[in-house]
Amino acid sequence: MKTFFRKCFALKIFRVILGFVILLAIQFLSEKILRTLGINFPPTILGLIVFALLLNFKIIPMWLMKDVCSIAISILPALFVPLLVGITVYWGIIKQNLYGIAGIIILATFITMVLTAIFVDKMMEWTGKKNA
């Protein structure tokens, strides 16, 4: 039954809708959890962590989420349009602080690269793959 449900093209729409409902439920639950606990943390990040854990422990099957994730990735560029509109709306404020914003972006990028390199180095030492 699982292979039929996984491979049947006629049920692709159902898989997409079900996957979307699962994503919305995870997002809704993460918002409720954070609001209930009074924690100031982005609910989307918590939702991503919960989603990754559910996939990792095979609570949600990967084949079920594959279609909806493919669609979400294909429309991802369209989701940046509001960001670009916001930049044009606040261009005056951005222009006044352009050097500071550029400096912070460069500094944050450099710090992220250094910390990532240190993390990867430590992980390679820990797993024993550094000198392999």
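Computed from heavy atoms alone, side chains included, the values below leave out hydrogens, waters and symmetry copies.
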How long is the span from the [atom1] atom in [X] to the [atom2] atom in [Y], to the nearest 0.5 Å?
{"X": "Lys12", "Y": "Ser70", "atom1": "NZ", "atom2": "OG", "value": "7.0 Å"}
{"X": "Leu55", "Y": "Cys69", "atom1": "CG", "atom2": "SG", "value": "7.0 Å"}
{"X": "Thr109", "Y": "Ile104", "atom1": "OG1", "atom2": "CD1", "value": "10.5 Å"}
{"X": "Leu18", "Y": "Leu64", "atom1": "CG", "atom2": "CG", "value": "5.0 Å"}
{"X": "Leu29", "Y": "Leu34", "atom1": "CG", "atom2": "CG", "value": "11.0 Å"}

If the condition is side-chain contact (heavy atoms from CB on, under 4.5 Å), which residues does [X] pass it with, not counting sequence neighbours?
{"X": "Leu24", "value": "Phe20"}
{"X": "Leu54", "value": "Ile26, Val50, Ile59, Ile60"}
{"X": "Ile111", "value": "Leu107, Leu115"}
{"X": "Ile106", "value": "none"}

Practice item. Would you mind listing every side-chain hydrogen bond (donor to acceptor under 3.5 Å, both in side chains) that reaches into residues 88-100, with sequence neighbours excluded? Key: none
Check your understanding: What pairs of residues pass the side-chain hydrogen bond (donor to acceptor under 3.5 Å, both in side chains) test when at least one of them lies in residues 17-44, not counting sequence neighbours?
Key -> Gln27-Glu31
In terms of hydrophobic clusters joined by side-chain contacts under 4.5 Å, are [X] and [Y] together?
{"X": "Leu23", "Y": "Phe28", "result": "no"}
{"X": "Met65", "Y": "Ile75", "result": "no"}
{"X": "Leu48", "Y": "Ile33", "result": "no"}

Mind checking who shares a hydrophobic cluster with [X], ILVMFWY linked at side-chain heavy-atom distances under 4.5 Å?
{"X": "Ile73", "value": "none"}
{"X": "Phe119", "value": "Met123, Trp126"}
{"X": "Ile118", "value": "Phe110, Val114"}

Check your understanding: Got Ile17 and Val68 here, is their nearest side-chain heavy-atom distance under 4.5 Å?
Key -> no
Salt bridge (charged side-chain N to carboxylate O under 4.0 Å, His left out): which pairs involve [range], sequence neighbours left out?
{"range": "residues 102-120", "answer": "none"}
{"range": "residues 65-88", "answer": "Arg15-Asp67"}
{"range": "residues 36-57", "answer": "none"}

Review point. Got a sec: does the CZ of Phe41 have more than 12 other heavy atoms crowding it under 6.0 Å?
Key: yes
